[in-house]
Amino acid sequence: MSATHEPGPRTPHGTLRDGDQVQLTDPKGRINTLTLAAGKQWHGHKGYLQHDDIIGRPEGIVVRSTGGVDYLVFRPLLQDFAVRMPRGAAVVYPKDAGQIIAMADIFPGARVVEAGAGSGALSCFLLRAVGEHGTLSSYERREDFAEVARKNVEKFFGGPHPSWKLTVGSLEDAITETDVDRVVLDMLAPWECLDAVGKALVPGGLVCAYVATTTQMSRVVEGLREHGSFAEPYAFETMVRSWHVEGLAVRPDHRMVGHTGFLITARRLADGVTPPLRRRRPAKGAYPETPETELTRGNENAFPAGPANVTGGESEIGSPPA
């Protein structure tokens, strides 16, 4: 079953209107989200606010509750919406969504396929990136998750997005797209659909897989290497740490967003191309019956040797391999 969405309204800017979603932030940084409705009240820990005191005014105002608490009023950013949206499956957090947009090179007008719509968080980021002239085709195996994703995407954009097609079904069985620029896999076993991904991607296109565990990461990387249609994969993770800055008290915060998932990217080779032999030195026992130095199919992943007085760590600074 598939549903193609037609054009709808976008999230407005400027004056706050009846029906807009806003965030109220108190002096301790606690955030409450509400949808404005004329004539209604919002009740907090200390007093209440009239929605009519916010409707018709610009963002960035301060309103005071009947209990004397001041609240800062803004519309939610996409990152705020993503971490607070109703969930079916776990969401892709903003730190990883941002890396996917950058490292998978999602550009305006791109033709993108997404496997695992989940709760729709990553779909929102991808739709923002491809714009109205690109396309995003999302595949979700579970109908209940697909319905949650559809509601969240339409809630954020204020209606159906013209660039989005949502299909209930597995990517390897239901995909119809060809000549795709990018494929993003947010699913339990991405290695199972590499054949379908290889057929859908254009030469030079890119696949990006998002997985939670090291064993999943290993299977994806080895699957891409063995497939023969992809250049050498690049695997990494991102950690974000905020800082406490108060006068002379400048230090890292005690809590941080550490591990959420691993990302693996790889480029699609042209049809019929055999990649050059890739030289690597695996640890003993990593591969059965292999010599100390092994040549395998894949792209060269080594960096040019630096000067003799440069350490190995310094000489390896650079961009990930293509």
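Residue numbers start at 1 and run along the sequence shown. Hydrogens, waters and symmetry mates play no part in the numbers below; they use all other heavy atoms, side chains included.
Annotation: cation-pi pair R128/F125 absent, no NZ/CZ under 6.0 Å from the ring centroid and within 45° of its normal.
More than 12 heavy atoms of other residues, nucleotides or ligands sit less than 6.0 Å from atom NE2 of H259. Within a 6.0 Å radius of NZ in K151, other residues, nucleotides and ligands contribute 12 heavy atoms or fewer. Around CZ of R255, the count of heavy atoms belonging to other residues, nucleotides or ligands within 6.0 Å does not exceed 12. Summarising the local packing, NE2 of H133 is surrounded by 12 or fewer heavy atoms from other residues, nucleotides or ligands at distances under 6.0 Å. For Y48, the OH atom sits in a loose shell: 12 or fewer heavy atoms of surrounding residues, nucleotides or ligands are nearer than 6.0 Å.
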**Message:** Test side-chain contact (heavy atoms from CB on, under 4.5 Å) on V257 and Y93; report intermediate values, then the result.
**Reply:** CA-CA 10 Å; V257 181; Y93 280 86; 5.7 Å; no
Please walk me through it: do D179 and R111 pass salt bridge (charged side-chain N to carboxylate O under 4.0 Å, His left out)?
-> CA-CA 8 Å; D179 296 330; R111 298 157 296 178; 5.2 Å; no
Report task. Take Q21 and T33, measure what side-chain contact (heavy atoms from CB on, under 4.5 Å) needs, and give me the verdict at the end. Result -> CA-CA 7 Å; Q21 191 176 71; T33 304; 3.5 Å; yes
For this session: Just do the side-chain hydrogen bond (donor to acceptor under 3.5 Å, both in side chains) check on H43 and Q41 with the steps written out, would you?
Result: CA-CA 6 Å; H43 290 260; Q41 297 175 342; 3.1 Å; yes
After noting the C-alpha distance and the side-chain angles of D26 and K28, does the key distance pass the salt bridge (charged side-chain N to carboxylate O under 4.0 Å, His left out) rule? CA-CA 5 Å; D26 70 11; K28 292 185 177 181; over 6 Å; no
Check: When you look at K199 and E172, which way does the salt bridge (charged side-chain N to carboxylate O under 4.0 Å, His left out) test go after all the steps?
Finding: CA-CA 10 Å; K199 293 175 183 177; E172 57 267 36; over 6 Å; no
Practice item. Determine, step by step, whether E114 and S123 satisfy the side-chain hydrogen bond (donor to acceptor under 3.5 Å, both in side chains) criterion, reporting the C-alpha distance in whole Å, the side-chain angles of both residues, the deciding distance to 0.1 Å, and the verdict. Key: CA-CA 8 Å; E114 173 194 23; S123 301; 2.7 Å; yes
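By the rule that hydrophobic residues join a cluster once side-chain heavy atoms approach within less than 4.5 Å of another member, V148 and M187 end up as members of separate clusters. Cluster membership check: I101 shares its hydrophobic cluster with V83, using side-chain heavy-atom separations under 4.5 Å among Ile, Leu, Val, Met, Phe, Trp and Tyr. Linking Ile, Leu, Val, Met, Phe, Trp and Tyr residues whenever their side-chain heavy atoms come within less than 4.5 Å leaves V240 and L122 in two separate clusters. With hydrophobic clusters built from ILVMFWY side chains whose heavy atoms lie under 4.5 angstrom apart, F81 does not share a cluster with F74.
One finds a salt bridge joining R182 and D105 here, because a Lys/Arg side-chain nitrogen approaches an Asp/Glu carboxylate oxygen to under 4.0 Å. The pair D20-R75 meets the salt-bridge criterion, since a charged nitrogen lies less than 4.0 angstrom from a carboxylate oxygen. With respect to the salt-bridge test (charged N to carboxylate O, under 4.0 angstrom), the residues D271 and R268 qualify. Classification of E232 and R225 as a salt-bridged pair holds, one side-chain N sitting under 4.0 Å from a carboxylate O.
In this structure, E132 and P108 have side chains that are not in contact, with every pair of non-hydrogen atoms separated by 4.5 Å or more. Side-chain contact between N152 and F156 is absent, with no heavy atoms from C-beta onward closer than 4.5 Å. Looking only at side-chain heavy atoms (C-beta outward), T167 and E140 stay at 4.5 Å or farther from each other.
Hydrophobic cluster membership for L36: L16, V22, L24, L34, W42, L49, I54, I55, I61, V63, V69, Y71, V73 (Ile, Leu, Val, Met, Phe, Trp, Tyr linked by side-chain heavy atoms under 4.5 Å, directly or transitively).
The minimum heavy-atom distance between A146 and L166, with the atom names listed, is O-CD2, 3.4 Å. The nearest pair of heavy atoms linking V211 to P190 is CG1-CG, 3.7 Å. Here the closest heavy-atom approach between residue S65 and residue G47 is recorded as CB-C, 4.3 Å.
With hydrogens and angles left out, the side-chain atoms of D18 and H51 include no donor and acceptor closer than 3.5 Å.
Put simply, CD1 on I106 and CG on L206 are 7.5 Å apart, with the number rounded to the nearest 0.5 Å. Note that NZ of K95 and CE of M239 are 8.0 Å apart. Values are rounded to the nearest 0.5 Å.
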